[in-house]
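These figures come from a predicted structure and were not determined experimentally.
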Amino acid sequence: MASSLLEARSAFQTPIDVATAAFSVRERADLAIASVAARKGTREAVAAGIQKAYGLELPVKAQRVASDRIAFVWNGPDQWLAVAQRGQDRDLERELKTLLGPLASITDQSDARVVVTVSGLNVRDVLAKGLPIDLHPREFRYGSVAITHASHIGIVTWQTDDAPTYDICLFRSYASSFMHWLKDAAGEFH
């Protein structure tokens, strides 16, 4: 019998999936996340390893690059969040440590962070109520990344398509507070 302490659980106290044409939100419990930090003087070697393994050029500014296997989200100078589908046997931290060895510090973030996807006709209006960034398509578009806050909660957000759809990543311990704010911000669009 499995211990209830080891069971995967949502970071949210109540289900969060909301889907209307105006605004939708869903938890991305299907993701594995790892932080990758190039060690001093190794950024080029880390980038070469990622290019060879995944065919991606690591971003050097606030951008996201993705293939069908993995995405890398800029998270500061020489730092990225690696985001991939959680596979049955996939250990993203181990995969990246095997690939990069001593070139980078890699830490699993899958259970420390939560990602929600938000979209809909009024998604920019909802997010504008708490994010102090310009989400207009001329400034923030597919592939754009921002390290910012939503109602005083630190987040990393990136745009995943032109619809627009955004993924928002935050520390798990803030999940309930974030959803409380998001539901209030979206209230007029339900």
Side-chain angles (χ1 to χ4, degrees), residues 8 11 26-119 127 131-135 137-150 153-175 178:
R26 68 182 173 92
E27 181 179 7
R28 293 294 312 272
D30 59 335
L31 297 178
I33 306 167
S35 62
V36 179
R39 294 191 175 140
K40 187 175 181 179
T42 66
R43 192 195 67 70
E44 289 82 14
V46 169
I50 297 301
Q51 172 68 39
K52 183 177 179 183
Y54 303 111
L56 295 172
E57 191 170 320
L58 282 175
V60 294
K61 60 182 183 177
Q63 291 179 323
R64 172 186 175 264
V65 296
S67 70
D68 60 344
R69 295 176 48 210
I70 195 166
F72 289 91
V73 177
W74 184 86
N75 200 36
D78 300 340
Q79 298 176 54
W80 304 269
L81 291 177
V83 182
Q85 290 294 121
R86 237 187 247 257
Q88 191 82 341
D89 297 320
R90 190 169 195 180
D91 182 335
L92 187 57
E93 178 185 26
R94 183 176 297 145
E95 179 181 320
L96 292 168
K97 282 183 176 181
T98 299
L99 173 66
L100 299 173
L103 299 174
S105 298
I106 299 160
T107 307
D108 182 65
Q109 298 290 315
S110 302
D111 296 324
R113 297 185 190 226
V114 62
V115 175
V116 296
T117 296
V118 294
S119 61
L127 295 179
L131 277 69
I133 60 174
D134 186 353
L135 293 173
R138 74 175 166 261
E139 297 299 325
F140 202 89
R141 55 191 142 310
Y142 172 75
S144 293
V145 171
I147 301 170
T148 186
H149 63 86
I153 297 168
I155 64 168
V156 180
T157 188
W158 54 90
Q159 189 170 328
T160 62
D161 62 31
D162 290 326
T165 302
Y166 302 93
D167 278 353
I168 300 173
C169 181
L170 60 141
F171 286 108
R172 183 180 180 91
S173 58
Y174 291 103
F178 176 79

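Shortest non-hydrogen contact noted between A47 and L58 is CA-CD1, 3.8 Å. Residue I153 comes nearest to Y174 through the heavy atom pair CG2-CB, 3.6 Å, listed as atom of the first residue, atom of the second, then distance. Of all heavy-atom pairs spanning E139 and S144, the tightest one is O-OG, 4.2 Å. The two residues V145 and W74 make their nearest non-hydrogen contact at CG1-O, 3.6 Å. Nearest approach of L100 to G49, heavy atoms of both residues: CD2-CA, 4.5 Å. Pairing each heavy atom of A146 with each of F140, the nearest pair is CB-CE1, 3.7 Å.
Remark: the backbone N or O of A29 is not paired with any side-chain donor or acceptor of E27 at under 3.5 angstrom. W80 places a side-chain N or O within donor-acceptor distance of the main-chain N or O of P59, the cut-off being under 3.5 Å. Side chain of R86 to main chain of L31: a donor-acceptor pair is present (N/O by atom type, distance under 3.5 Å, no hydrogens or angles). In terms of modelled atom types and a separation under 3.5 Å, the side chain of S119 and the main chain of T165 share no donor-acceptor contact. At distances below 3.5 Å, at least one donor-acceptor pair connects side-chain atoms of S110 with backbone N or O atoms of I33. A donor-acceptor pair is defined here as one N or O able to donate and one able to accept, closer than 3.5 Å; such a pair exists between the side chain of D161 and the backbone of A163. A donor-acceptor pair under 3.5 Å is formed between the side chain of T98 and the backbone N or O of R94.
No side-chain heavy atom of H149 sits under 4.5 Å from any side-chain heavy atom of L131. Using a 4.5 Å heavy-atom threshold, the side chains of V83 and R64 count as separate. Using a 4.5 Å heavy-atom threshold, the side chains of D162 and Q159 count as touching. Residues R113 and R172 form no side-chain contact, since every pair of their non-hydrogen atoms from C-beta on lies 4.5 Å or further apart. Contact check for W158 versus C169: side-chain heavy atoms found under the 4.5 Å cut-off. Counting heavy atoms from C-beta on, the side chains of V114 and F178 never come closer than 4.5 Å.
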* Can Y166 and T117 be said to form a side-chain contact (heavy atoms from CB on, under 4.5 Å), step by step? -> CA-CA 6 Å; Y166 302 93; T117 296; over 6 Å; no
* Tell me, with the steps shown, if T160 and D167 meet side chain to side chain donor-acceptor pair (under 3.5 Å). => CA-CA 7 Å; T160 62; D167 278 353; 4.9 Å; no
* To do: Might you work through the side chain to side chain donor-acceptor pair (under 3.5 Å) test for R43 and Q79, ending with a clear yes or no?
  => CA-CA 9 Å; R43 192 195 67 70; Q79 298 176 54; over 6 Å; no
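A donor and an acceptor atom, one from each side chain of R28 and Q85, are located under 3.5 Å apart.
Atom CD of Q51 is separated from atom CG of L56 by 7.0 Å, given to the nearest 0.5 angstrom. Rounded to the nearest 0.5 Å, atoms NZ (K97) and CG (L92) are 11.5 Å apart. Between atom CG of residue L127 and atom CD1 of residue I133 there is a gap of 8.0 Å, rounded to the nearest 0.5 Å.
Environment of CD in E57: sparse, with no more than 12 heavy atoms of neighbouring residues, nucleotides or ligands closer than 6.0 Å. Crowding of R39 atom CZ: a count of heavy atoms from other residues, nucleotides or ligands under 6.0 Å exceeding 12.
L170 pairs with exactly one of I155, T157, V115, V156 by the side chain to side chain contact (heavy atoms under 4.5 Å, CB included) rule, that one being I155. Tested against V36, the residues N75, L96, L99 include a single side chain to side chain contact (heavy atoms under 4.5 Å, CB included) partner, L96.
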